[in-house]
Structures are given as C-alpha cells and as structure tokens.
Amino acid sequence: MKILVVGSGGREHAIVWKLAQSPKAAQIYCAPGNAGIASLAACVPIKATDVKALADWAEENKIDLTVIGMDDPLMLGIVDEFESRGLRVFGPRANAAIIEGSKVFSKNLMKKYGIPTAAYEEFTSPDEAKAYIQANKTYPLVLKADGLALGKGVLICENQQDALDGVDEIMVDKKFGQAGSKMVIEEFLRGQEVSVLSFCDGKTVKTMVSAQDHKRAFDGDQGLNTGGMGTFSPSQYYTKDYEEKAIAQIFQKTVDAMNQEGRTFKGVLYFGLMLTENGPKVLEYNARFGDPETQVILPRLKTDLVDIFEACIDGTLDQLEIEWEDNAAVCVVLASGGYPVSYQKGYPIEGLNAFEGQDDLMIFHAGTAFENTADGKQQIVTSGGRVLGIVALAKDLPAAIEKAYQNVDKVTFKDAFYRHDIGRK
Ligand code: AMP
Ligand code: GLY
C-alpha cells in the first residue's frame with residue numbers, strides 16, 4: 001500500500017514510525033513532514049491545510065490510504081474532499097470533527113445525552129456573559145472560546161475581575177479570532193486529568209491505553225501552558241473503577257449521540273477526562289490523536305496500525321482485536337529556550353543517532369528541518385518551540401522514567417530545556 005500521513009509534528013512522526021512496521025506499508029509519504037519523518041517517509045511539500053492540493057496529489061499518486069494527524073484540515077473538510085474523489089481516508093468528516101471544533105457544540109451534545117461534564121452556560125453576547133459573572137460567587141471559573149484556538153482559548157479565572165477581563169479578551173478584543181464569537185463559561189473541576197484516546201468506526205469504539213500530559217512549561221507545573229512538555233502511559237490514576245464508569249457513561253454514549261445527531265464519527269476520538277470525586281467527567285473532546293500522547297501510546301501498540309485504520313474506514317472494528325504491551329512509556333520533550341513565548345530557530349542538533357539499534361528508546365521529531373551547511377552538506381536544525389520527544393519504553397513507569405532521564409542528555413542543541421519531573425504527577 002501507498003500511505004500518506006498529513007501533518008508535521010511529533011504525533012505524525014510516531015504515526016509514520018508505527019505504520020513503517022507494517023508489512024502492508026510499501027511506501028509512506030508525509031505532507032509536509034519534518035527532518036525526522038524524512039528518514040521513514042518521503043516528505044511532500046504541501047501544507048496540511050491545503051486540502052485541495054493534497055487530494056489532487058493523492059489522486060495523481062494513487063495513494064491507497066491517507067491518515068489525517070492534525071485538527072485544522074479535519075475542520076476544513078479534508079475527509080469529505082478525499083471521500084468525494086473515492087480516496088480512502090482515516091479521520092472524521094467536518095460535520096463530526098465539530099466535536100473538537102466547537103466547545104458550544106460539544107457541551108450541548110453532552111447536556112442533551114447526559115454525558116458527565118462540568119456545568120456550563122453558553123453565551124453569544126459579552127454583556128450577558130458579564131452579567132452572569134457578576135452574579136457568580138464561586139471561583140475559579142473557566143472561560144472557553146468556542147472555536148479552535150491552538151489549545152489557548154481556555155482561561156481559568158481566579159476572581160471576578162479576571163473573568164470580566166477574560167470576556168473582553170475572548171469576545172471583544174477577539175484575541176483568539178473568530179473562535180471567540182461564542183463562548184462557554186463553566187464550573188472548575190478538580191482532579192487528575194487523563195487522556196483516553198479511542199479508535200472509532202462510526203459504531204464501535206475501542207479505547208487505547210491511557211496517558212497523561214504535562215502542559216506547563218517548567219518543573220512542578222510552573223510557567224505558562226504549552227502544547228505539552230511530556231507524557232506518560234499508562235496513568236496510574238485511571239483505575240478500574242474510573243474506567244468502568246467511563247465505559248458506562250461516556251465512550252459508547254458519545255459515539256451513539258453523534259450518530260443520533262447525524263454526525264457519524266470515524267477516526268480517533270480523544271476523551272480528555274477529569275477524574276473527579278464524583279467520577280470521570282469530560283473536559284474536552286478532540287477529533288484526532290493527541291500530541292504528545294501519541295508518542296507514548298503507539299509504541300505500546302502490538303496490533304498492525306494499518307489493520308486498525310482499515311477496520312475503522314470499513315466499519316469492521318468489532319471484528320478486530322487490538323492488543324497492547326503490558327509495559328509503560330515516557331516522553332520527555334526537548335524545547336527551544338524561551339518557548340512558549342519566543343525562541344530562536346536554526347540551531348544544529350547533536351546526538352540524533354544516539355539510540356540507533358535500540359528498540360526501547362526513540363526520538364520523535366516535532367520541530368526540526370534540514371539546512372545546508374557551508375561545506376555543502378545537510379544538517380538537522382531546530383525549527384520550532386517543541387523540537388524533539390525522547391521516548392523510553394520499560395516494564396513499568398518508574399523504570400521508563402529512569403531510562404528516559406538517563407538518556408535525554410545524549411541529544412542536545414543550544415538553549416534546549418526540558419522538564420525533569422515527567423511521569424511524576
Ligand atoms: P480544554 O481545551 O477544554 O481541554 O481546556 C484546556 C485545559 O484547561 C484542560 O486540559 C484543563 O487543564 C483545563 N480545563 C479546562 N476546563 C476545565 C475545567 N472545567 N476545570 C478545570 N480545568 C479545566
Ligand atoms: N496533548 C493535548 C492535545 O493533543 O490536544
């Protein structure tokens with residue numbers, strides 16, 4: 001098979017890496033890809049959001065299967081475009097990707113179908129939102145812009161003034177663009193946050209192993225929110241009891257609700273759960289693999305990923321047994337100094353071959369590029385805020401943490417930094 005993966009981050013590197021293990025994958029392409037992905041796939045210089053150009057290219061190159069990694073193209077209807085041309089594609093159509101693309105949609109869906117989530121109100125006018133805040137007595141309060149905002153459209157407000165200012169940021173100053181034409185104000189939930197991703201064929205849902213993300217930039221959850229500074233899998237907080245409740249109250253119920261709404265969901269449905277005193281509650285849905293969760297989940301998958309994608313497209317997921325290793329994985333992200341605010345790019349990276357021949361240590365590239373040196377050679381340089389994910393696999397979480405930190409310093413670039421407490425939530 002000729003397989004195309006759409007995206008360019010650590011998540012897409014992990015997807016390409018796993019697909020490359022399949023005997024069915026004869027040739028893998030990635031658009032646009034990055035310098036690490038280029039060692040496993042032919043990179044195609046088309047932007048992930050250039051839906052029409054990607055479909056044209058897939059048609060011309062007779063691609064057998066396309067996998068969408070990123071959220072933006074899903075919302076832009078890339079799956080609809082590919083399907084309309086008879087191309088096989090893994091991911092939800094735009095009318096189902098809205099479960100991630102609109103907080104108002106997902107909150108209303110959960111309310112209508114009785115899926116546990118934080119209590120909330122929806123607003124289309126800043127004055128009404130402010131009137132609600134003026135009457136509110138309990139803090140923190142959570143403000144969310146309706147649309148996609150690169151994970152930044154959520155404000156946790158500690159007091160009334162912060163909340164009033166937050167409404168201005170989202171709805172008046174439009175700091176998150178059109179994502180802020182509507183908003184949700186919701187109850188603050190306490191607990192551990194766990195990511196449970198699932199494969200979905202429109203009817204059947206099969207969850208993957210659990211993972212947890214560290215979102216803040218620095219050790220001890222200090223500093224600003226980032227795209228994710230590291231992950232681990234499994235989460236020790238996601239106990240059998242929480243899992244049973246989530247199975248009964250959340251997973252299948254969501255898939256059935258989407259069908260009821262005429263928005264059949266196929267692809268990866270990502271449940272962002274808060275494990276509260278009163279059971280698991282949905283914080284958010286994503287319509288795709290998580291980044292950097294994927295980097296610790298896919299290395300634990302035994303089943304051929306091509307078979308899973310095909311079963312999801314064909315609606316035969318109920319007939320496929322998905323198997324996981326009984327082990328643990330940790331991903332430590334190496335970021336550029338200054339991330340997530342401002343940082344330099346273009347620094348050469350040393351040590352990228354440090355783990356060659358070892359199958360318990362991986363480097364997934366997130367923000368890297370090729371650059372020509374003065375003597376006409378090519379080198380790999382930093383090209384983003386999150387640059388690399390160093391992933392260690394071991395029999396359990398403590399062993400995986402130890403292995404990751406014993407090896408992370410073998411890969412370096414100028415001003416690199418990472419968190420020292422990944423996996424120690
Ligand atoms: P979301 O994009 O909705 O997942 O929100 C981003 C992050 O904000 C989440 O991963 C949580 O850490 C936090 N968050 C969102 N909603 C709530 C809530 N109701 N209570 C507490 N934390 C929240
Ligand atoms: N790691 C969070 C996300 O992918 O949305």
Side-chain angles (χ1 to χ4, degrees), residues 7 9-12 14-15 68-72 74-75 97 99-107 109-110 116-122 136 138-158 163 166 170 176 179-180 183-198 208 210-217 221 224-233 235 237 267-278 280-298 331 333 340 364 366 385-386 389 422 425:
R11 162 183 52 208
E12 286 76 21
I15 294 170
I68 314 302
M70 285 179 69
D71 45 357
D72 290 324
L74 293 170
M75 290 295 293
I99 198 167
E100 169 171 6
S102 167
K103 301 273 188 211
V104 170
F105 172 84
S106 68
K107 294 297 292 190
L109 184 85
M110 288 186 269
T117 188
Y120 74 102
E121 294 288 334
E122 155 193 354
N136 174 68
T138 325
Y139 286 88
L141 196 61
V142 184
L143 274 50
K144 298 186 175 184
D146 177 48
L148 288 183
L150 295 167
K152 293 183 185 124
V154 174
L155 305 176
I156 314 266
C157 301
E158 299 294 340
I170 292 174
F176 311 106
M183 70 179 286
V184 164
I185 300 185
E186 70 178 33
E187 161 203 19
F188 180 79
L189 297 177
R190 284 168 214 281
Q192 287 285 333
E193 232 180 295
V194 50
S195 306
V196 180
L197 283 62
S198 70
M208 306 183 207
S210 64
Q212 265 184 272
D213 190 2
H214 297 254
K215 290 220 162 87
R216 301 291 199 100
D221 285 338
L224 293 173
N225 260 327
T226 70
M229 290 298 294
T231 39
F232 58 97
S233 170
S235 161
Y237 295 104
V268 170
L269 184 52
Y270 166 139
F271 300 87
L273 303 179
M274 188 69 99
L275 305 179
T276 76
E277 272 174 14
N278 304 315
K281 296 192 179 186
V282 178
L283 278 179
E284 65 165 340
Y285 292 112
N286 291 320
R288 47 159 180 89
F289 281 106
D291 190 343
E293 286 91 340
T294 306
Q295 290 89 312
V296 288
I297 292 172
L298 291 185
C331 171
V333 169
F364 292 125
R386 289 187 299 168
I422 302 300
K425 279 221 180 200

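These figures come from a predicted structure and were not determined experimentally. First listed ligand is number 1; within each ligand, the first listed atom is number 1.
- Every N/O-N/O distance between Phe188 and ligand 1 stays at or above 3.5 Å.
- Annotation for ligand 2: atoms under 4.0 Å from non-hydrogen atoms of Asp213 are 1 (N), 2 (C).
- Taking NZ from Lys144 and OH from Tyr120, the interatomic distance works out to 11.5 Å, rounded to the nearest 0.5 Å.
- Contacts with ligand 2 closer than 4.0 Å are made by no heavy atom of Thr231, backbone or side chain.
- Ligand 2 places these atoms under 4.0 Å from at least one heavy atom of Asn286: 5 (O).
- Here Arg190 has no heavy atoms under 4.0 Å from ligand 1, in either its backbone or its side chain.
- The closest approach between any non-hydrogen atom of Ile156 and ligand 1 is below 4.0 Å.
- Thr226 places a side-chain N or O within donor-acceptor distance of the main-chain N or O of Lys215, the cut-off being under 3.5 Å.
- Close N/O approach between Arg11 and ligand 2 is not found [any backbone or side-chain N/O within under 3.5 Å].
- Close approach to Lys215 involves these atoms of ligand 1, each under 4.0 Å from a residue heavy atom: 10 (O).
- With a 4.0 Å cut-off on non-hydrogen atoms, Asn225 does not touch ligand 1 at all.
- Here Val154 has side-chain heavy atoms under 4.0 Å from ligand 1, and that is the only part of it that gets that close.
- Nearest to atom 19 (N) of ligand 1 by heavy atom, out of Glu100, Lys107, Glu186, is Glu186.
- Between the side chain of Lys103 and the backbone N or O of Glu284, no donor-acceptor pair lies under 3.5 Å.
- Proximity to Gly290 (heavy-atom distance under 4.0 Å) selects the following atoms of ligand 2: 4 (O).
- For the 3.5 Å distance criterion, the side chains of Ser102 and Asp146 qualify, holding a donor opposite an acceptor.
- Ligand 2 has Tyr270 within reach: a non-hydrogen atom of the residue lies less than 4.0 Å from it.
- When heavy-atom distances to ligand 1 are checked against a 4.0 Å cut-off, Val142 comes that close only through its side chain, counted from C-beta outward.
- Ligand-side atoms of ligand 2 in range of Glu293: 1 (N), 2 (C), 4 (O), range being under 4.0 angstrom from any heavy atom.
- Between Glu100 and Arg288, at least one side-chain N (NZ, or NE/NH1/NH2) sits under 4.0 Å from a carboxylate O, which counts as a salt bridge.
- The distance from the CG atom of Asn225 to the NE2 atom of His214 is 13.0 Å, given to the nearest 0.5 Å.
- At distances below 3.5 Å, not a single donor-acceptor pair connects side-chain atoms of Ser195 with backbone N or O atoms of Gly272.
- With Thr117 as the fixed residue, the side-chain hydrogen bond (donor to acceptor under 3.5 Å, both in side chains) test singles out one of Lys281, Lys107, Glu186, Glu187: Lys107.
- Of the options Lys103, Lys144, Glu284, the smallest heavy-atom separation from atom 15 (C) of ligand 1 is shown by Lys144.
- Panel note: side chain Thr231, backbone Pro292; a donor-acceptor pair is recorded below 3.5 Å.
- Between Val194 and Ala211 the shortest heavy-atom distance is CG2-O, 3.4 Å.
- The single protein non-hydrogen atom nearest to atom 4 (O) of ligand 2 is Asp291 N, 2.9 Å, given as residue, atom name and distance.
- Nearest non-hydrogen protein atom to atom 5 (O) of ligand 2 is Arg288 NH2, 2.9 Å.
- Contact annotation: Glu284 has no heavy atom less than 4.0 Å from any atom of ligand 2.
- Aromatic pair Tyr285/Phe271: ring centres closer than 6.0 Å.
- In this structure, Arg386 contributes its side chain and Val333 its backbone to no donor-acceptor pair below 3.5 Å.
- Which parts of ligand 1 touch Leu189 is read off a 4.0 Å heavy-atom cut-off, strictly below it: atoms 18 (C), 19 (N), 20 (N), 21 (C).
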